[in-house]
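A short worksheet on the structure shown next.
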Amino acid sequence: MAKRYWLMKSEPDAYGWDDLVKEGEGTWDGVRNHKAANNLRSMEKGDQVFFYHSNIGREIVGIAEISVSGIADPSDPDQKWAAVKLKPVRLLARPVTLKEIKACDALADMELVRLSRLSVSEISPDEWNKILSISEA
DNA sequence: GCCAACGTTGGC
DNA sequence: GCCAACGTTGGC
């Protein structure tokens, strides 16, 4: 399957970009929302992920890549929920804030904006490239 | 199976 | 700290 793009949110207090870099590889578990879990199940090794900091910063800070997909959530005793592992790729040239995303017509109906509580959402290649171009502008 | 009440998340 | 959006729960 073609490479896909995702956006994952985390509160930096709980698990931020710095933690991911420190560990080298992070497990994305603890997701207890069906829509988000479906997205996790759709991910494949090599997919690219924007790492978004919610609450503190409210900005996309870096790019990560799925390193292991389709595993069971280790924090779930029933092993019903999905999880993936991901590795940091690089920081963005500069963070792209939620404000900038909302201000951009091409990005205004991203799931991030429409469903602010969804912790894992899919991003179209166009949206991905647009965000990259904002960060490098 | 419907719907109101409640809890949680996250932006402001 | 407040409020809106959404998911879940529980009564019927």
Side-chain angles (χ1 to χ4, degrees):
Chain A
M1 188 182 283
K3 189 183 285 187
R4 296 215 256 175
Y5 301 99
W6 309 92
L7 182 140
M8 292 166 132
K9 292 166 119 166
S10 185
E11 299 193 26
D13 273 356
Y15 191 90
W17 176 260
D18 290 342
D19 296 302
L20 181 63
V21 170
K22 206 179 305 165
E23 288 186 14
E25 181 176 50
T27 303
W28 207 269
D29 60 9
V31 171
R32 295 294 181 272
N33 169 288
H34 288 284
K35 205 172 285 179
N38 277 341
N39 286 337
L40 286 180
R41 288 192 193 95
S42 305
M43 291 179 183
E44 303 210 348
K45 184 178 158 78
D47 283 358
Q48 303 288 113
V49 178
F50 277 139
F51 198 102
Y52 174 86
H53 279 174
S54 67
N55 257 319
I56 301 169
R58 269 168 266 131
E59 58 195 8
I60 296 170
V61 292
I63 297 173
E65 179 177 313
I66 302 299
S67 53
V68 182
S69 64
I71 58 176
D73 186 337
S75 72
D76 173 19
D78 297 331
Q79 304 279 290
K80 282 187 309 187
W81 293 95
V84 296
K85 291 189 179 187
L86 70 170
K87 286 179 174 172
V89 175
R90 65 178 174 89
L91 273 173
L92 290 184
R94 66 170 181 85
V96 176
T97 63
L98 183 62
K99 198 174 162 190
E100 288 174 299
I101 290 169
K102 285 187 167 175
C104 176
D105 284 345
L107 302 175
D109 33 301
M110 281 174 58
E111 284 185 326
L112 171 70
V113 177
R114 289 188 298 114
L115 302 173
S116 70
R117 293 187 46 202
L118 185 62
S119 57
V120 182
S121 60
E122 184 166 9
I123 295 185
S124 74
D126 286 348
E127 289 164 348
W128 177 273
N129 289 327
K130 183 69 193 173
I131 290 166
L132 278 187
S133 74
I134 291 175
S135 91
E136 283 156 11

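Using a 4.0 Å cutoff on non-hydrogen atoms, no part of residues 71-82 of chain A comes near DNA chain B.
With sequence neighbours excluded, the residues forming a side chain to side chain donor-acceptor pair (under 3.5 Å) with A:N38 are A:R41, listed by chain and number. By the ring-ring contact (aromatic ring centres under 6.0 Å, His included) test, A:W28 pairs with A:F51, sequence neighbours left out. Taking the side chain to side chain donor-acceptor pair (under 3.5 Å) definition, one finds that A:S133 meets it with nothing, sequence neighbours left out. Legend: residues meeting side chain to side chain donor-acceptor pair (under 3.5 Å) with A:S116, ordered by chain and number and at least two apart, are absent. For A:R117, there are no side chain to side chain donor-acceptor pair (under 3.5 Å) partners two or more places apart in sequence or in a different chain.
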Scan nucleotides 9-12 of chain B against the protein and return all N/O pairs shorter than 3.5 Å with their distances rounded to 0.1 Å.
from   : atom 1 : to     : atom 2 : distance (Å)
B:dT9  : O4'    : A:R117 : NE     : 3.4
B:dG10 : OP2    : A:E11  : OE2    : 3.3
B:dG11 : OP1    : A:Y52  : OH     : 3.0
B:dG11 : OP2    : A:N55  : N      : 3.1
B:dG11 : O3'    : A:K102 : NZ     : 3.4
B:dC12 : OP1    : A:K102 : NZ     : 2.6

Identify each atom pair where a protein N or O and an N or O of nucleotides 3-6 of chain B are less than 3.5 Å apart, giving names and distance.
none

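For residues 122-137 of chain A, the set of pairs meeting the salt bridge (Lys or Arg N to Asp or Glu O under 4.0 Å) definition, not counting sequence neighbours, comprises A:R4-A:E122, A:R90-A:E136. Counting only residues at least two apart or on different chains, the salt bridge (Lys or Arg N to Asp or Glu O under 4.0 Å) pairs with a member in residues 27-39 of chain A are A:R32-A:D73. Residue pairs meeting the ring pair (Phe, Tyr, Trp, His ring centres under 6.0 Å) criterion with at least one member in residues 55-93 of chain A, sequence neighbours excluded: A:H34-A:W81.
A:L118 shares a hydrophobic cluster with A:L115; the chain of contacts runs through ILVMFWY side chains whose heavy atoms sit under 4.5 Å apart.
With rounding to the nearest 0.5 angstrom, the OG atom of A:S119 is 7.5 Å from the CG atom of A:L40.
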